[in-house]
Colleague: 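Can you keep this structure in mind? I'll have questions shortly.
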Amino acid sequence: MQKELQTPNASPQTRIKACLFDLDGVLVDTAVYHYQAWKRLANTMGFDFTEEQNEQLKGVSRVESLNKILAWGGVEKTEAEKEELATLKNSWYVEMITKMTPAEVLPGTVDFLTEIHQAGYKLALGSASKNSGIILERTHLAHFFDEIVDGNMVTKSKPDPEVFLKGAELLGFKPEECVVFEDAVAGVEAAKRGGMKAIGIGEKSVLTKADVVVSGLDKLTVKDLEEL
């Protein structure tokens with residue numbers, strides 16, 4: 001298997017040289033922790049928050065997520081109150097993710113990251129999460145990434161391509177030399193807006209704009225990148 005691997009610069013036919021990964025739902029599944037924290041917050045304000053609604057928050061920033069939840073609950077808050085609520089939710093979320101372990105990494109993630117890293121591809125994280133550093137550390141994935149771009153470094157949320165364009169810039173590659181791995185519609189759209197290829201992690205019926213859709217990283221090999 002190792003003999004078949006080629007570095008991105010080994011062949012003029014190879015166009016993809018860098019891989020940009022979303023975090024939640026691609027490398028690890030922290031959606032359950034977001035859901036529990038948002039649900040707890042909604043309950044404190046007198047209304048409920050469903051798992052279906054939580055799906056609509058994939059790839060969306062904390063502030064925008066809070067605005068959606070308040071709208072669903074018919075609750076109005078001042079900007080100062082919103083800031084307090086977002087901070088409270090995040091404190092509950094951080095409390096949960098600091099207990100994460102490598103066992104919570106999604107199937108095939110370590111094998112795939114190892115394979116493409118050995119093949120010479122550069123890797124960056126492109127996540128809306130402001131807690132990505134904690135998660136990568138707790139799950140022992142940090143060493144795979146050459147660059148980390150998260151919610152602390154960007155001002156625009158997906159589907160704006162800022163987070164991925166920043167990642168490409170830091171890695172030193174053009175957008176067309178990059179592929180993005182995303183589980184959210186907004187994330188796939190961000191990749192395409194940025195002029196990048198997109199591999200969707202999830203359902204084809206949902207991630208319709210992705211170039212390729214698979215159920216997880218365990219279904220991918222370096223050969224799939226070479227064929228993009």
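Computed over heavy atoms, backbone and side chain alike; hydrogens, waters and symmetry mates excluded.
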Colleague: Relative to the ring of F21, is the ring of F181 parallel (under 30°), tilted (30 to 60°) or perpendicular (over 60°)?
Modeller: parallel
Colleague: Any side-chain to backbone donor/acceptor pair from E203 onto S205? Under 3.5 Å, distance only.
Modeller: no
Colleague: Transitive ILVMFWY cluster of V188 at side-chain heavy atoms under 4.5 Å: who else is in it?
Modeller: V185, V206, L207, V213
Colleague: By the rule that ILVMFWY residues connect when side-chain heavy atoms come within less than 4.5 angstrom, directly or transitively, which residues belong alongside V75?
Modeller: Y35, W38, L41, M45, F47, F49, L57, L66, I69, L70, W72, L85, L88, W92
Colleague: Is E104 reaching over with its side chain to a backbone N or O of T101, donor-acceptor style, under 3.5 angstrom?
Modeller: yes
Colleague: Minimum heavy-atom separation for L225 and C19, please, with both atom names.
Modeller: CD1-SG, 3.6 Å
Colleague: When you measure from the side chain of Q56 to the backbone N and O of Q53, does any donor-acceptor pair fall under 3.5 Å?
Modeller: no
Colleague: When hydrophobic residues are tied together by side-chain contacts of less than 4.5 Å, even through go-betweens, does I201 share a cluster with L141?
Modeller: yes
Colleague: Report the distance from atom CG of L220 to atom CZ of F112, rounding to the nearest 0.5 Å.
Modeller: 5.0 Å
Colleague: I'd like to know if the side chain of D146 and the backbone of K122 have a donor-acceptor N/O pair within less than 3.5 Å.
Modeller: no
Colleague: Should the heavy atoms of other residues, nucleotides or ligands under 6.0 Å from CD of E76 be counted, would the total exceed 12?
Modeller: no
Colleague: Would you say the side-chain atoms of D111 pair up with the backbone N or O of G108, donor to acceptor, closer than 3.5 Å?
Modeller: no
Colleague: Taking NZ in K209 as the centre, count heavy atoms belonging to other residues, nucleotides or ligands within less than 6.0 Å. Is the count above 12?
Modeller: no
Colleague: Where the side chain of E81 meets the backbone of T78, is there a donor-acceptor pair that is under 3.5 Å apart?
Modeller: yes
Colleague: Indicate the atoms forming the closest heavy-atom contact of F145 with I148, along with that distance.
Modeller: CB-CG1, 4.2 Å
Colleague: Under 4.0 Å between a Lys/Arg side-chain N and an Asp/Glu carboxylate O for E162 and K166?
Modeller: no
Colleague: Answer yes or no: are there more than 12 heavy-atom neighbours, outside E176 itself, under 6.0 Å from its atom CD?
Modeller: yes
Colleague: Check this for me: does any side-chain nitrogen of one of E227 and K223 sit under 4.0 Å from a carboxylate oxygen of the other?
Modeller: yes
Colleague: Side chains of H34 and N54: donor-acceptor distance under 3.5 Å anywhere?
Modeller: no
Colleague: Can any side-chain N or O of R138 pair as donor or acceptor with the backbone N or O of M100 at less than 3.5 Å?
Modeller: yes
Colleague: Salt-bridge test for R193 and D160: reply yes if a basic N is under 4.0 Å from a carboxylate O, no otherwise.
Modeller: no
Colleague: Determine the minimum heavy-atom distance between A124 and L171, stating which atoms define it.
Modeller: CB-CD1, 3.6 Å
Colleague: Thinking salt bridges, do E189 and K192 make one under a 4.0 Å N-O criterion?
Modeller: no
Colleague: Is it true that the side chains of N90 and N131 contain a donor and an acceptor less than 3.5 Å apart?
Modeller: yes
Colleague: So, for F173 and A18, which heavy atoms are closest and what is the spacing to 0.1 Å?
Modeller: CD1-CB, 3.6 Å
Colleague: If we check salt bridge (Lys or Arg N to Asp or Glu O under 4.0 Å) with E177, which of these qualifies: K17, R15, K197?
Modeller: K17
Colleague: Has the side chain of T98 got a donor or acceptor atom that lies under 3.5 Å from a matching backbone atom of E95?
Modeller: yes
Colleague: Determine yes or no for a side-chain-to-main-chain donor-acceptor pair under 3.5 angstrom, with T109 supplying the side chain and V105 the backbone.
Modeller: no
Colleague: Taking atom types as modelled, find out whether D24 and T30 have a side-chain donor-acceptor pair closer than 3.5 angstrom.
Modeller: yes
